[in-house]
Number of protein chains: 2
Amino acid sequence: MRLAILGYGNLGRGVEYAVKQNPDMELVAIFTRRNPEDLKVNSNAKVLNVSEISNWKDKIDVLILCGGSATDLPVQTPEYAKMFNVVDSFDTHARIPEHFANVDKSAKESGKIGIISVGWDPGLFSLNRLYANSILPDGKDYTFWGKGVSQGHSDAVRRIEGVLDAKQYTIPVEKALQAVKNCENPELTTREKHTRECFVVAADGADKSRIEKEIKEMPNYFSDYDTTVHFISMEEFKANHSGIPHGGCVIRTGKTGDGSRNHVIEYSLKLDSNPEFTSSVLVAYARAIFRLNKEGKTGAMTVFDIPPAYLSPKSNDELRAAML
Amino acid sequence: MRLAILGYGNLGRGVEYAVKQNPDMELVAIFTRRNPEDLKVNSNAKVLNVSEISNWKDKIDVLILCGGSATDLPVQTPEYAKMFNVVDSFDTHARIPEHFANVDKSAKESGKIGIISVGWDPGLFSLNRLYANSILPDGKDYTFWGKGVSQGHSDAVRRIEGVLDAKQYTIPVEKALQAVKNCENPELTTREKHTRECFVVAADGADKSRIEKEIKEMPNYFSDYDTTVHFISMEEFKANHSGIPHGGCVIRTGKTGDGSRNHVIEYSLKLDSNPEFTSSVLVAYARAIFRLNKEGKTGAMTVFDIPPAYLSPKSNDELRAAML
């Protein structure tokens with residue numbers, strides 16, 4: 001399987017590493033919008049400007065799109081599905097139906113597969129919502145995120161005047177989590193589910209109380225949450241807050257039988273690196289769509305459409321003997 | 001969708017309840033080896049002797065086999081796959097390849113689907129092993145069972161002379177579980193992973209110390225574990241130990257990137273009723289194979305082969321909009 005990457009940020013670097021863990025795959029090319037010579041990569045893949053991508057039409061089995069959901073993927077995924085099997089991690093939930101339709105049109109015309117919204121949420125969390133809902137129709141879903149870094153919230157804090165750097169952690173409220181696991185079926189407000197904790201490096205002489213107030217009152221991002229703000233030195237920031245950990249859990253509780261028996265299905269992730277884990281998911285789904293396309297399947301797909309066995313390098317016989 | 005049950009024990013009763021939670025399904029018949037008039041059922045399904053089953057060839061979309069793995073299913077699943085789409089919960093891991101081959105032959109000849117080893121282990125736990133292994137190739141798997149009732153171990157205790165009734169609980173060792181979740185990658189012996197706790201009602205005048213010794217030294221069942229035995233009254237037994245709870249978790253820990261980042265994927269179940277939950281899984285997979293068979297698919301399958309979307313009564317559009 002010959003893979004290629006478009007976009008060499010955290011996610012692209014993660015894919016590059018993930019491919020090395022899978023002996024049935026080879027990373028043949030990394031496409032970038034930057035000057036290829038400026039990229040310092042960690043593999044033997046060719047580094048090329050994206051303008052050359054159409055020359056690789058028959059030399060790549062799956063192209064993994066590592067751009068952002070806001071502006072890159074809505075354009076790139078339908079565009080490159082005209083030439084390649086493609087995988088993306090599109091995560092703007094509200095725009096998924098529209099994005100799916102656009103990718104489906106391109107991929108059906110080219111005879112390729114475009115799988116969208118691959119990762120852990122959307123992705124593995126979605127899968128677990130689907131399995132749990134199908135098994136326990138009479139129940140209630142809960143998703144908690146964290147403890148982990150929200151990139152969007154960290155960016156928002158960094159944009160405040162006098163902030164040199166910042167990291168924002170989303171933290172599930174333990175009491176809420178326990179109530180859910182105890183099958184109390186709580187109705188939880190935004191504030192009751194998660195708290196937010198910010199580590200901020202302020203510029204010399206900046207007004208810290210003004211910064212803290214601006215964070216805590218920021219609409220959409222912080223005003224609906226209980227937020228704690230810590231001011232720390234750049235040294236401490238670099239030493240303790242340079243990672244991008246994340247995680248969370250999807251829980252469904254439900255009843256069976258005469259209604260007296262409760263069940264709890266929980267799927268949880270604890271990730272040292274959000275982009276590296278997401279990349280590992282992208283690579284497994286690249287394997288799946290490559291195989292499905294060889295069998296003649298085309299069009300847009302999501303994780304809901306992929307038979308799990310297609311993700312594994314093992315044969316069906318091996319899987320049944322060893323993992324069932 | 002017209003469903004039928006063969007075998008009306010705990011699992012069959014669970015399926016009968018589960019069907020009521022799914023408006024797209026109807027339970028049309030319950031087949032039994034007993035005298036149909038002796039069954040007290042909880043639905044409007046016809047209760048019939050299994051000798052009449054071939055008359056129902058065109059009146060049933062999926063037959064759910066609710067017998068045991070030791071002697072019933074190895075015969076029944078290949079046999080009834082000649083007439084019906086069938087679902088079973090075959091759980092003798094070592095014999096899965098052989099059972100799969102037998103069911104595959106029958107189902108290919110009849111043009112039906114036979115899905116085997118559906119439930120939570122094998123079943124949902126297997127799925128999670130497969131997903132987690134595909135995503136984190138460089139990692140380690142752990143499965144813990146409990147806290148829950150092991151029927152086989154409870155039966156073994158009940159066969160000891162002087163025991164009127166007994167329940168055996170399998171309990172994961174908290175210290176081992178924590179070491180796994182902390183990515184310490186421990187090598188765990190049988191004794192280090194689980195303990196066993198027995199609640200026993202002894203006959204008047206029975207030698208309790210002899211019973212306790214016989215339990216603790218029983219090969220295969222107890223001798224490799226730390227076992228606690230409690231003698232209790234029949235009243236206490238009935239009040240506190242009449243349920244069949246179970247559960248457990250599948251954990252995979254693995255590394256990505258340059259090898260410095262750890263990830264933990266955990267899937268856990270906490271079930272008030274093992275058979276009712278298993279039944280709910282069987283019913284969801286009945287829906288899936290009914291649909292796949294309508295699309296022309298035939299032969300034996302496992303949970304590894306089923307695209308998740310087929311389990312849900314919702315349309316693909318609805319799933320993408322609401323659950324992704």
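Below, read A as the first sequence line, B as the second, and so on, with proteins coming before strands; counting in each chain starts at 1. Computed over heavy atoms, backbone and side chain alike; hydrogens, waters and symmetry mates excluded.
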Exercise. Evaluate whether atom NZ of B:Lys140 has more than 12 neighbouring non-hydrogen atoms of other residues, nucleotides or ligands under 6.0 angstrom away.
Key: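 More than 12 within 6.0 Å, yes.
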What distance do [X] atom [atom1] and [Y] atom [atom2] have between them, rounded to the nearest 0.5 Å?
X: B:Met323; Y: A:Ser134; atom1: CE; atom2: OG; answer: 6.5 Å
X: B:Phe304; Y: A:Ser312; atom1: CZ; atom2: OG; answer: 8.5 Å
X: B:Ser279; Y: A:Ile135; atom1: OG; atom2: CD1; answer: 12.0 Å

Highest number of heavy-atom pairs under 4.5 Å with chain A: which of [options]?
options: B:Val283, B:Thr302, B:Leu271; answer: B:Leu271
options: B:Lys314, B:Arg129, B:Arg320; answer: B:Arg320
options: B:Pro275, B:Gly123, B:Ser273, B:Gly257; answer: B:Gly257

Under 4.5 Å from any heavy atom of chain B, what part of [X] do you find: side chain, backbone, both or neither?
X: A:Phe125; answer: neither
X: A:Asn128; answer: side chain
X: A:Asn42; answer: neither
X: A:Val303; answer: both

Quiz item: Among residues 13-27 of chain B, which ones touch chain A with a heavy-atom distance under 4.5 Å?
Solution: B:Tyr17, B:Gln21, B:Asn22
Select one option (side chain, backbone, both, neither) describing which atoms of [X] are under 4.5 Å from chain A's heavy atoms.
X: B:Ile251; result: neither
X: B:Asn262; result: both
X: B:Asp258; result: both

Quiz item: Where is the tightest heavy-atom contact between B:Leu127 and A:Pro308, given as atom of each residue plus distance?
Solution: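 Smallest heavy-atom distance, with atoms named: CD2-CG, 3.5 Å.
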Quiz item: Which heavy atom in B:Ser126 sits nearest to a heavy atom in A:Leu324, and how many Å separate them?
Solution: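 It is OG-O, 2.6 Å.
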What option among [options] has the most heavy-atom pairs under 4.5 Å with chain B?
options: A:Ser117, A:Gly259, A:Ser268; result: A:Ser268
options: A:Lys181, A:Arg261, A:Lys255; result: A:Arg261
options: A:Ala284, A:Ala309, A:Ser260, A:Gly254; result: A:Ala309
options: A:Ile265, A:Asp141, A:Asp317; result: A:Ile265
options: A:Leu136, A:Leu130, A:Leu311; result: A:Leu130

Compile the donor-acceptor pairs under 3.5 Å between side chains in residues 92-100 of chain B and protein atoms, sequence neighbours left out, one pair per line.
from: B:Arg95; atom 1: NH2; to: B:Glu98; atom 2: OE2; distance (Å): 3.4
from: B:His99; atom 1: NE2; to: B:Asp88; atom 2: OD2; distance (Å): 2.7

Quiz item: Are any of the side-chain heavy atoms of B:His263 and A:Ser280 separated by less than 4.5 Å?
Solution: no
Quiz item: Which class fits the ring pair A:Tyr131 and B:Tyr131: parallel under 30°, tilted 30 to 60°, perpendicular over 60°?
Solution: perpendicular
